[in-house]
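Could you have a look at this structure, given as structure tokens, before my questions?
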Amino acid sequence: MTTYFPQVRSHLEKLVAAASQTGSAMWPSVVNTQTGRQEDHVPGRVYRLIGAPRGTTLYWDQPLIAAARGLTALTGDQQYAQSADRYVDEFLSCSVGENGMFRWGNHEYYDVVARKLVPFCNGYHELRPITPAWDVFRERDAEKTATYIRIMAERHVYDAGTGGFNRHDDGRKEHAFLEAGGILSESLAWLYSKTGDGDLLERALRIARYSYGHRDPATGLVPNEPDLGRWDSKVCTSEIGLWAQCLLRAGTYTGSREFGGMACNSVRAYLDCAFDPGTGSYFGQVNLSDGKPVIPAKTGYWPRKYSDPWNTDQWPTHDYPMAVAEACLSLFELTGDRCFLDAILRWAAIAVDGSPGGKGTWAYAESYGRCIHFLTRAGLQLGEERFLADARALADEAVARLWDNGMFQGYPEDQVYESVDGVGYLLLALMFTESHCAPKLHGFGF
């Protein structure tokens with residue numbers, strides 16, 4: 001049987017070696033797999049400078065941090081966790097503002113060549129779609145972590161009474177994306193679990209209620225963004241799964257059942273409206289008022305006709321199919337509701353039938369990682385050997401297509417490792433499907 005641990009080890013070791021060439025403990029966001037050196041390159045998957053050319057981008061490296069720590073936990077070899085900790089320590093020494101805000105995310109990164117922070121597109125603070133691995137940050141500096149979460153929530157909430165929030169920290173009523181709200185709620189709930197501060201719990205609930213309160217009374221569908229009246233104010237997408245996962249974790253942290261209730265109702269509404277029995281797929285967008293599919297006239301930063309785990313459009317597209325699938329696993333375990341089991345079986349078929357190997361296409365490392373993780377988790381939770389076999393088949397395919405000279409490429413034949421292509425998700429999934437030991441994610445989630 002194939003073993004994936006050697007590839008996981010090799011990738012992390014080569015990444016650390018590439019970092020050492022810059023004199024930094026922070027891992028580079030782009031590495032040429034042939035030379036093993038950092039490249040000044042803007043990745044094609046994302047818009048703007050999210051890919052951090054000549055830089056390092058800890059926000060997008062959260063899965064990789066968890067993977068390094070996970071490899072240490074499984075093998076006992078401390079070098080991987082130690083390298084991850086040095087990365088976080090250096091970030092905390094050079095990328096925290098005077099006001100306590102971490103300077104990272106969708107509008108800022110650290111240039112390890114020039115040794116300076118690089119803000120872009122007005123330098124707003126914005127975190128989506130990854131909840132940070134808060135347990136790691138607390139372990140390295142609990143005070144800085146707590147201060148940051150409190151200030152982050154204040155800066156992103158423009159109406160403390162209603163929980164009205166903005167993806168940007170400019171104090172304005174603007175884009176209240178579900179993914180941003182979920183991260184804010186979950187982060188406050190996580191901090192509540194460490195401090196017992198009831199105000200944190202109440203603020204987390206108000207932010208979640210703000211999104212949930214804009215659901216359509218007839219369909220129960222929650223809009224992607226309720227405030228500006230654009231396309232995303234009129235539809236619900238698979239982003240509901242990412243939001244629901246955040247709320248489910250918030251409920252675990254706090255013991256509040258309200259979080260789980262909002263998550264359960266919202267995901268069920270999406271599943272009921274979005275499934276297309278004629279194709280076995282879920283529509284990418286459904287209209288709030290009647291639940292009917294909305295078919296976009298062109299591609300862009302929105303879901304296509306169907307929610308697609310293997311989508312290679314410019315990212316992020318507000319389409320998170322495997323987050324819905326993972327939420328269904330959590331909700332089925334929590335409720336035993338047959339609708340979530342049916343959805344699990346459907347998403348498994350979608351992931352396998354649409355795989356690049358079967359269709360002669362290609363995909364990013366993150367897509368492989370998310371599908372492998374879901375299938376492994378589903379196989380173990382439901383006792384379905386076929387899902388475990390499907391996960392291993394996808395894992396073998398990912399290695400065959402993405403492995404290059406001791407590292408994983410972000411996508412086939414590119415010969416470049418790029419952090420934003422999601423190799424960290426793939427490493428976590430490879431370890432999971434081999435060991436059947438669920439990876440410890442330290443606060444972030446699939």
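Heavy atoms only: backbone and side chains are in, while hydrogens, waters and symmetry mates are out. Just so it is clear, the model here is predicted, and its values are computed rather than measured. Nothing fancy with the numbering, it's 1 onward along the sequence.
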Using a strict threshold of under 4.0 Å (side-chain N to carboxylate O), is an ion pair present between Arg392 and Asp396? no
Measuring centre to centre across the rings, with the benzene-like ring taken for any Trp, is Phe102 within less than 6.0 Å of Phe137? yes
Show, in sequence, the C-alpha distance, side-chain angles and deciding distance for Tyr320 and Leu178, and conclude whether the side-chain contact (heavy atoms from CB on, under 4.5 Å) test is met. CA-CA 12 Å; Tyr320 298 100; Leu178 276 176; over 6 Å; no
Aromatic rings Trp362 and Tyr411: how do their planes relate, parallel, tilted or perpendicular, breaks at 30° and 60°? tilted
Decide whether a cation-pi geometry holds between Arg69 and Tyr80; the criteria are a distance under 6.0 Å from NZ or CZ to the six-membered ring centre and an angle within 45° of the ring axis. no
Looking only at side-chain N and O atoms, does Gln415 offer a donor or acceptor that is under 3.5 Å from a partner on Thr33? no
Could you verify whether a donor N or O on one side chain and an acceptor N or O on the other, from Thr317 and Trp302, lie under 3.5 Å apart? no
For the pair Ser355 (side chain) and Val352 (backbone), establish whether a donor and an acceptor sit closer than 3.5 Å, ignoring hydrogens and angles. yes
Describe, in one word, how the ring planes of Phe120 and Tyr109 are oriented to each other, choosing from parallel (under 30°), tilted (30 to 60°) and perpendicular (over 60°). tilted
Has the side chain of Ser24 got a donor or acceptor atom that lies under 3.5 Å from a matching backbone atom of Ser20? no
Scan side-chain atoms only and decide if Gln79 and Asp77 contain a donor-acceptor pair under the 3.5 Å cut-off. yes
Would you give the length of the straight line joining atom CD1 of Ile183 to atom CG of Leu242, rounded to the nearest 0.5 angstrom? 6.5 Å
Identify the heavy atoms of Cys371 and Pro309 that sit nearest to each other, and give their distance. SG-CB, 3.8 Å
Hey, is the main chain of Pro6 close enough, under 3.5 Å, to the side chain of Ser10 for a donor-acceptor pair? no
Rounded distance (nearest 0.5 Å) linking atom OG of Ser367 with atom CH2 of Trp310: 6.0 Å
Under a 3.5 Å cutoff, is there a donor and acceptor pairing between the side chains of Asp227 and Tyr210? yes
Hey, what do you get for OG (Ser419) to CD (Glu366), rounding to the nearest 0.5 Å? 10.0 Å
Looking at Arg257, I want to see if its CZ is surrounded by more than 12 non-hydrogen atoms of other residues, nucleotides or ligands under 6.0 Å. no
Would you find a donor on one side and an acceptor on the other, under 3.5 Å apart, between the side chain of Tyr59 and the backbone of Ile130? yes
How long is the straight-line distance from CG of Asp308 back to CD1 of Ile350, given to the nearest 0.5 Å? 9.0 Å
Can Glu39 and Arg37 be counted as an ion pair, charged N to O under 4.0 angstrom? no
Going by atom types only, do Tyr306 and Asp276 share a side-chain donor-acceptor pair under 3.5 Å? yes
Any donor and acceptor pair, going by atom type alone, linking the side chain of Gln62 with main-chain N or O of Leu58 inside 3.5 Å? yes
Does the pair Trp243 and Cys246 meet the rule for a side-chain contact (heavy atoms from CB on, under 4.5 Å), with working shown? CA-CA 5 Å; Trp243 181 74; Cys246 289; 5.7 Å; no
Check: Thr56 side chain, Trp27 main-chain N or O, donor-acceptor pair, under 3.5 Å: yes
Extract all donor-acceptor atom pairs below 3.5 Å that involve side chains of residues 432-446 and protein atoms in other chains or at least two apart in sequence.
{"from": "Thr433", "atom 1": "OG1", "to": "Thr376", "atom 2": "OG1", "distance (Å)": "3.3"}
{"from": "Glu434", "atom 1": "OE1", "to": "Thr3", "atom 2": "OG1", "distance (Å)": "3.3"}
{"from": "Glu434", "atom 1": "OE1", "to": "Tyr4", "atom 2": "N", "distance (Å)": "2.5"}
{"from": "Glu434", "atom 1": "OE1", "to": "Phe5", "atom 2": "N", "distance (Å)": "3.3"}
{"from": "Glu434", "atom 1": "OE2", "to": "Thr3", "atom 2": "OG1", "distance (Å)": "2.7"}
{"from": "Ser435", "atom 1": "OG", "to": "Met431", "atom 2": "O", "distance (Å)": "2.7"}
{"from": "Ser435", "atom 1": "OG", "to": "Cys437", "atom 2": "N", "distance (Å)": "3.1"}

Set out, in order, the CA-CA distance, both residues' side-chain angles and the distance that settles side-chain contact (heavy atoms from CB on, under 4.5 Å) for Glu413 and Asp404, then state yes or no. CA-CA 8 Å; Glu413 301 178 10; Asp404 183 58; over 6 Å; no
Row check, Tyr110 ring normal vs Arg103 NZ/CZ: under 6.0 Å, within 45°: no
Has the side chain of Thr22 got a donor or acceptor atom that lies under 3.5 Å from a matching backbone atom of Ala19? yes
Asp216 versus Ser289, side-chain donor and acceptor atoms under 3.5 Å: no
Just verifying a value: how many Å separate Arg140 CZ and Glu90 CD, rounded to the nearest 0.5 Å? 13.0 Å
Which residue is it: Tyr47, Tyr301, Trp60? I am looking for the one with a ring-ring contact (aromatic ring centres under 6.0 Å, His included) to Trp315. Trp60
Using the rule given for side chain to side chain donor-acceptor pair (under 3.5 Å), can you reason through Ser233 versus Glu225, listing the C-alpha separation, both sets of side-chain angles and the distance that settles it, and then say yes or no? CA-CA 5 Å; Ser233 296; Glu225 191 290 300; 3.3 Å; yes
Quick check for you: to the nearest 0.5 Å, what is the distance between Thr237 atom OG1 and Glu239 atom CD? 5.0 Å
Lys/Arg cation over aromatic Tyr425: Arg370, 6.0 Å, 45° cone: yes
Charged N-O contact under 4.0 Å between Arg209 and Glu258: yes
Parallel under 30°, tilted from 30 to 60°, perpendicular over 60°: which one fits the rings of His11 and Phe408? tilted
Is there a donor-acceptor pair closer than 3.5 Å between any side-chain N or O of Glu186 and the backbone N or O of Ala250? no
In this structure, which one of Thr57, Val42, Asn106 forms a side chain to side chain contact (heavy atoms under 4.5 Å, CB included) with Leu49? Val42
Between Val286 and Val294, does the side-chain contact (heavy atoms from CB on, under 4.5 Å) criterion hold? Intermediate values first, please. CA-CA 5 Å; Val286 287; Val294 175; over 6 Å; no
Minimum heavy-atom separation for Ala189 and Thr254, please, with both atom names. CB-CG2, 3.6 Å
Let me know which of His156, His168, His107 forms a ring-ring contact (aromatic ring centres under 6.0 Å, His included) with His125. His156
Less than 4.5 Å apart, side chain to side chain, heavy atoms only: is that true for Leu71 and Arg9? yes
Measure up the Phe177 and His175 rings against each other and bin them: parallel (under 30°), tilted (30 to 60°), perpendicular (over 60°). parallel
Where the side chain of Thr219 meets the backbone of Leu288, is there a donor-acceptor pair that is under 3.5 Å apart? yes
Ignoring hydrogens and angles, state whether a donor on the side chain of Asn224 or Glu179 is under 3.5 Å from an acceptor on the partner side chain. no
Closest approach of Gln21 and Gly36, non-hydrogen atoms and distance? NE2-O, 3.6 Å
Would the number of heavy atoms belonging to other residues, nucleotides or ligands and lying under 6.0 Å from CD of Gln78 be above 12? yes
Verify, without hydrogens or angle tests, whether Gln285 (side chain) and Pro303 (backbone) share a donor-acceptor contact under 3.5 angstrom. yes
Please tabulate, one pair per line, all N/O donor-acceptor pairs under 3.5 Å involving side-chain atoms of residues 327-337, not counting sequence neighbours.
{"from": "Ser330", "atom 1": "OG", "to": "Gln245", "atom 2": "OE1", "distance (Å)": "3.4"}
{"from": "Ser330", "atom 1": "OG", "to": "Glu326", "atom 2": "O", "distance (Å)": "3.3"}
{"from": "Ser330", "atom 1": "OG", "to": "Arg377", "atom 2": "NH2", "distance (Å)": "2.8"}
{"from": "Thr335", "atom 1": "OG1", "to": "Leu331", "atom 2": "O", "distance (Å)": "2.7"}
{"from": "Thr335", "atom 1": "OG1", "to": "Asp337", "atom 2": "N", "distance (Å)": "3.1"}
{"from": "Asp337", "atom 1": "OD1", "to": "Cys339", "atom 2": "N", "distance (Å)": "3.0"}
{"from": "Asp337", "atom 1": "OD2", "to": "Arg268", "atom 2": "NH2", "distance (Å)": "2.7"}

Decide whether a cation-pi geometry holds between Arg215 and Tyr212; the criteria are a distance under 6.0 Å from NZ or CZ to the six-membered ring centre and an angle within 45° of the ring axis. yes
